[in-house]
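A short write-up of the structure that comes next.
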Amino acid sequence: MIGMRVEVNFAGRSKIGIIVAINNYPELAIEKIKVASRLLDQDPLVGDSMIALVDWMQKYYHAPPGEVWQTVLPTALLKGEQNQLKRQSHWQITQLGLDALKQNKIAKNAVKQQQALQVLADKQSFGGVANEGLSTLGLNRASLQSLAGKQWVKQEYQSLSSIELAVTVNRPQNITLNDQQHNAVESICSDLFKFRAWLLFGVTASGKTEVYLRTIEAVLSEGKQALILVPEIGLTPQTVQRFQQRFNTNIEMLHSGMSEQQRLQAWLKASKGLARIIIGTRSALFVPLLNPGIIIIDEEHDSSFKQQQGLRYSARDIAMVRASIEKIPVVLGSASPSIESLMNVKKKKIERLNLNAKAMNTQPVKFRVIDLKNQPIKHGLSFALIDTIAHHLKNKGQILLFLNRRGYSPVLLCHQCGWSSQCQRCDTHFTYHGHADSYSGSLQCHHCGSSRRAPKQCPDCLCEEMVPVGLGTERLEESIISLFPDARVRRIDRDTTRKKLAMKNFVGEIKSGQVDILIGTQMLAKGHHFPDVTLVAMVDMDGALYSSDFRAPEYAAQLITQVSGRTGRATKQGEVVIQTHLAEHPMLQQIIHSGYATFAETALNERIQAELPPHTFNALFQAEATHLGYAKSFLQDVKKILASRQPDGVYLLGPAPAFYTKKAGKFRYQLYLESKYRLDLHKLLESCLIEIESLKSAGRVKWRMEIDPIGD
Ligand code: ADP
Ligand code: ZN
Ligand code: ZN
């Protein structure tokens with residue numbers, strides 16, 4: 001019965017639990033034991049290894065079992081949904097449909113139908129398209145049904161036993177692995193039945209994905225399953241496509257864009273061994289696998305692998321633990337690995353594999369820093385950058401302008417009295433949006449999400465001279481259009497990609513050469529392969545270089561590496577321009593002249609010398625309350641308890657205001673714990689948490705304790 005769900009009544013409310021062990025507690029009074037009213041499953045949802053993983057998470061994060069299981073299981077199962085696979089239906093193209101396509105019989109205005117027929121023709125050898133997969137491919141049922149009326153396509157119901165478990169591989173002819181790729185594949189595949197952790201440190205476009213694909217090929221041929229974690233599936237549809245093109249087998253996806261039921265179905269297929277490859281975001285790490293073979297984390301440095309709500313965990317760390325429990329290899333891949341992983345290489349917990357050269361391009365990218373000090377700037381652009389853009393436009397190269405700030409301007413100011421658009425609930429300013437779209441636009445707080453109409457008049461002095469201050473992507477787009485009226489410009493940020501498929505359509509436009517200038521936030525930095533981009537310009541790097549967070553240089557270096565990696569991916573020469581007032585910043589100089597590896601080496605040594613993570617270990621107590629004093633005094637009580645244990649080698653720093661002291665109307669304070677030894681830190685926490693939970697002052701605050709905290 002272990003691994004099955006039960007229903008238990010608690011004070012008249014039925015709750016769902018999971019059986020993790022069967023024990024006899026003769027000392028427990030019978031009236032203290034709840035009777036389970038119902039068993040929900042016939043087969044276990046999870047096996048021993050997931051139970052062991054949850055156990056580890058409970059201990060490591062000092063989290064209650066319920067919270068961990070909530071993180072690990074799909075929502076549908078937590079709500080009591082049946083643990084049953086549904087019969088799937090697939091859409092297939094018919095011979096008539098193939099003929100119709102060949103003879104161009106589709107009405108000119110039936111664009112959707114034409115598109116659907118083409119997709120089904122492409123997917124013919126893959127057994128068509130599953131009903132649930134329609135929307136991710138941009139197809140809708142209506143057009144398929146009208147095609148079915150003409151008998152050009154048909155819907156087939158598939159019995160589960162016939163799901164294709166065989167694998168055929170479509171290896172491209174023109175790719176022969178280079179020596180480093182070959183060595184990486186050989187090393188990882190040398191023992192697929194043992195836990196080993198690898199860092200695949202490959203510069204952008206060095207062919208890391210190709211290494212994953214070859215490794216997965218070996219894993220599949222052993223009859224095992226591969227789990228691949230990526231930062232954001234919606235943003236990188238191409239990655240998924242590459243897997244689908246390469247392997248003709250059952251590939252499942254798991255991400256937040258899917259419905260609860262879709263996620264459950266994919267989860268069940270993975271757990272029953274019916275999915276051979278699972279590609280998902282952070283939480284897909286918890287999908288049970290019948291025959292686990294390998295875990296791959298692509299772009300392992302990416303912040304999305306750290307959960308920042310609820311149980312705050314690091315998917316990268318848990319992946320290592322899971323792989324060791326399952327006795328399989330784990331591969332962390334990146335062009336700009338986290339200092340954490342490089343530290344693990346130093347400690348010999350991870351083995352490093354390098355890919356030092358771009359797979360297709362022999363010319364290295366050219367870097368140029370434009371020092372903005374004392375330079376005339378027009379709409380956020382120096383004349384040198386404007387000239388460079390014009391030059392690349394003339395040579396028909398695509399241009400990517402990177403600015404990590406959406407909206408029109410980060411502040412709206414009154415020219416007369418100095419009123420500024422401050423969010424009342426937070427410490428920060430409202431961002432001004434939609435200057436061009438409507439006559440007044442809106443003010444949006446990027447921290448608490450509140451928004452309002454932008455005032456046309458100053459709320460204080462009623463004057464009408466409201467001035468947008470600073471540069472956001474909307475404003476940059478406006479400037480670029482006025483400077484280069486003939487260029488085809490696309491802005492890609494959260495605001496322009498809210499609709500499903502928007503990103504996919506943009507990517508399609510970019511790849512087919514329908515865009516000259518792309519303006520975008522970090523959404524464009526991640527993993528895209530745009531072979532025609534010849535110029536990447538980082539319009540404003542000052543903020544990233546000025547930050548006080550000790551991790552800021554690492555993040556900025558990763559950003560520069562990733563963004564600049566969007567050019568020079570194919571055979572064309574790439575150029576990267578960085579605009580900043582801090583041109584002499586040592587990190588910037590190092591990245592440009594020696595690359596990320598050298599920067600990271602220095603950064604790692606600095607962390608060791610300054611006794612900062614990952615050389616030391618941290619835990620964080622954060623409290624928020626309607627009054628600053630409540631949060632502070634709770635943390636003072638926490639500190640007293642911790643100090644009373646006279647912890648050896650654990651430093652207590654604070655309580656001090658959090659970086660964003662006020663957020664969404666709540667005041668936030670924090671207390672840091674720091675130690676050279678992880679064990680000391682955990683022992684101390686273990687001995688105090690119950691007492692802390694029962695503190696009287698805890699009643700007035702909302703608090704949490706986080707292990708290995710990152711960011712805010
Ligand atoms: P990364 O994942 O490191 O960014 P990719 O695997 O996407 O790199 O490779 C970049 C491009 O180079 C892709 O178009 C890929 O097909 C191609 N490529 C990768 N390895 C080779 C190779 N050995 N020979 C030729 N082309 C390659
Ligand atoms: Zn005013
Ligand atoms: Zn706010």
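Counting starts at 1 for both ligands and their atoms, following the listed order.
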For [X], which part has a heavy atom under 4.0 Å from ligand 1: side chain, backbone, both, or neither?
X	result
Thr209	both
Lys358	neither
Thr176	backbone

Interatomic spacing from CD in Glu300 to OG in Ser334 - rounded to 0.5 Å: 5.5 Å
CG (Leu332) and NE2 (His301) are apart, to the nearest 0.5 Å, by 12.0 Å
Report yes if [X] has an N/O atom closer than 3.5 Å to an N/O atom of ligand 1; otherwise report no.
X	answer
Ala205	yes
Arg242	yes
Ser206	yes

Check Lys632 against Pro655 and note the closest heavy-atom contact, atom names and distance. O-CG, 4.2 Å
Under a 4.0 Å threshold between the charged nitrogen and the carboxylate oxygen, would Lys208 count as salt-bridged to Glu210? no
Under-4.0 Å salt bridge between Glu217 and Arg171: yes
Tell me whether the rings of His447 and Tyr660 are parallel (<30°), tilted (30 to 60°) or perpendicular (>60°). tilted
Checked the Zn ion (ligand 3): protein N, O or S atoms closer than 2.8 Å come out as Cys423 SG, Cys426 SG, Cys445 SG, Cys448 SG
Return a table of donor-acceptor pairs under 3.5 angstrom between the side chains of residues 461-473 and protein atoms on other chains or two or more places apart.
unit_1	atom_1	unit_2	atom_2	d
Thr473	OG1	Asp493	OD2	2.8

Under the salt bridge (Lys or Arg N to Asp or Glu O under 4.0 Å) rule, what do Asp516 and Lys396 come out as? Steps first, then yes or no, please. CA-CA 8 Å; Asp516 300 315; Lys396 307 259 176 278; over 6 Å; no
Please state which protein non-hydrogen atom is closest to [atom] and give its distance, to 0.1 Å?
atom	value
atom 14 (O) of ligand 1	His529 NE2, 3.5 Å
atom 26 (N) of ligand 1	Met360 CG, 3.6 Å
atom 16 (O) of ligand 1	Ile175 CD1, 3.5 Å
atom 8 (O) of ligand 1	Gly207 N, 3.0 Å
atom 1 (P) of ligand 1	Lys208 N, 3.5 Å
atom 20 (N) of ligand 1	Gln181 NE2, 3.0 Å

Using a 3.5 Å distance criterion without hydrogens, assess whether the side chain of [X] forms a donor-acceptor pair with backbone atoms of [Y].
X	Y	answer
Gln307	Gln309	yes
Arg368	Glu575	no
Lys358	Val203	no
Gln398	Ile510	yes

My understanding is that only residues two or more places apart in sequence, or in another chain, count here; which of them pass salt bridge (Lys or Arg N to Asp or Glu O under 4.0 Å) with Arg566? none
Report yes or no: is the cationic atom of Arg316 (NZ for Lys, CZ for Arg) closer than 6.0 Å to the six-membered ring centre of Phe305, at no more than 45° off its axis? no
Everything protein-side that's N, O or S and under 2.8 Å from the Zn ion (ligand 2): list it, residue and atom. Cys414 SG, Cys417 SG, Cys458 SG, Cys461 SG
We want to know whether Ser190 and Ser187 form a side-chain donor-acceptor pair, criterion being a heavy-atom distance below 3.5 angstrom. no
Does either side chain, that of Ser547 or that of Asp549, offer a donor lying less than 3.5 Å from an acceptor on the other one? no
Among Gly202, Pro172, Ala359, closest by heavy atom to atom 27 (C) of ligand 1 is Ala359
